[in-house]
Amino acid sequence: MAAQQSQGIQTLLEAEKEAAKIVQQARQYRVQKLRDARSEASKEIEEYKKAKEEEFKAFQASHAGSTMTIQSALDKETEVKLKEIDQIFSQKKDEVVNVLLSRATLVKPELHRNLKKA
């Protein structure tokens, strides 16, 4: 009976070792699958980045010309408006100076309203 129990225990120990091997293999398999999934995801991310960068460069190239033409048109318009302002300034400056001088030199001596006799 002791031999039979010893053999039963030995069978259980072997089964336990076999189960430990299977669990270890499953863990290694899971770790390997995670690594594979990460590397696959990083490849997909890189491909997506490249596609979006190319799309952005194409967008930039297609709009670069229009941006330059808009900028040059704005520069010309600004120059024209500055010339108009300078011209109006030169036309009106004598008039403005005369108005300011006449107001500064216009003196009306009056008593303050609080000092007037009642």
Side-chain angles (χ1 to χ4, degrees):
M1 185 158 255
Q4 198 176 20
Q5 284 181 346
S6 175
Q7 189 177 3
I9 291 175
Q10 190 65 28
T11 306
L12 285 174
L13 287 174
E14 287 176 13
E16 188 178 336
K17 285 181 184 178
E18 187 65 30
K21 284 182 186 178
I22 291 173
V23 168
Q24 183 63 26
Q25 288 175 351
R27 286 182 182 155
Q28 288 176 349
Y29 180 76
R30 186 188 71 185
V31 168
Q32 186 61 39
K33 283 295 185 180
L34 282 173
R35 286 182 187 152
D36 293 345
R38 283 185 185 139
S39 66
E40 187 67 29
S42 67
K43 286 178 187 176
E44 287 180 16
I45 289 170
E46 286 300 319
E47 290 174 8
Y48 184 74
K49 272 186 183 178
K50 286 179 185 177
K52 285 298 178 180
E53 284 177 9
E54 289 174 9
E55 184 180 323
F56 176 69
K57 286 179 183 178
F59 177 80
Q60 222 175 8
S62 68
H63 288 79
S66 64
T67 303
M68 296 302 274
T69 56
I70 291 171
Q71 182 65 38
S72 63
L74 286 174
D75 289 342
K76 288 178 184 176
E77 185 179 337
T78 303
E79 256 182 66
V80 168
K81 286 187 179 185
L82 283 174
K83 285 180 183 177
E84 283 180 27
I85 290 171
D86 284 340
Q87 187 179 21
I88 292 171
F89 170 75
S90 64
Q91 289 174 355
K92 302 276 184 172
K93 78 176 176 184
D94 290 334
E95 184 181 335
V96 170
V97 168
N98 287 335
V99 168
L100 288 174
L101 283 175
S102 70
R103 293 291 179 181
T105 57
L106 179 66
V107 177
K108 291 184 182 177
E110 296 179 349
L111 290 176
H112 192 271
R113 66 178 181 215
N114 291 339
L115 292 177
K116 289 185 180 179
K117 292 182 180 179

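Side chains are part of it too, since the values below use all heavy atoms of this structure and drop only hydrogens, waters and symmetry mates.
The number of heavy-atom neighbours closer than 6.0 Å to CD of E16, taken from other residues, nucleotides and ligands shown, is 12 or below.
Here the straight-line distance linking atom CD1 of I22 with atom CD of Q24 works out to 12.0 Å at 0.5 Å rounding. A distance of 9.5 Å separates CG in L74 from OG1 in T69, rounded to the nearest 0.5 Å. For the atom pair CD1 (I85) and OG (S90), the distance works out to 12.0 Å, reported to the nearest 0.5 Å.
Test E77, E84, E79 against K81 for salt bridge (charged side-chain N to carboxylate O under 4.0 Å, His left out) and you get one pass: E77. Of the candidates V99, D94, N98, L100, L100 is the only one forming a side chain to side chain contact (heavy atoms under 4.5 Å, CB included) with V96.
Sorted by first and then second residue, the salt bridge (Lys or Arg N to Asp or Glu O under 4.0 Å) pairs with a member in residues 20-49 form an empty list; sequence neighbours excluded.
At least one side-chain heavy atom of E55 sits less than 4.5 Å from a side-chain heavy atom of K52.
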Evaluate side-chain contact (heavy atoms from CB on, under 4.5 Å) for Q28 paired with Q32, printing each intermediate quantity in order. CA-CA 6 Å; Q28 288 176 349; Q32 186 61 39; over 6 Å; no
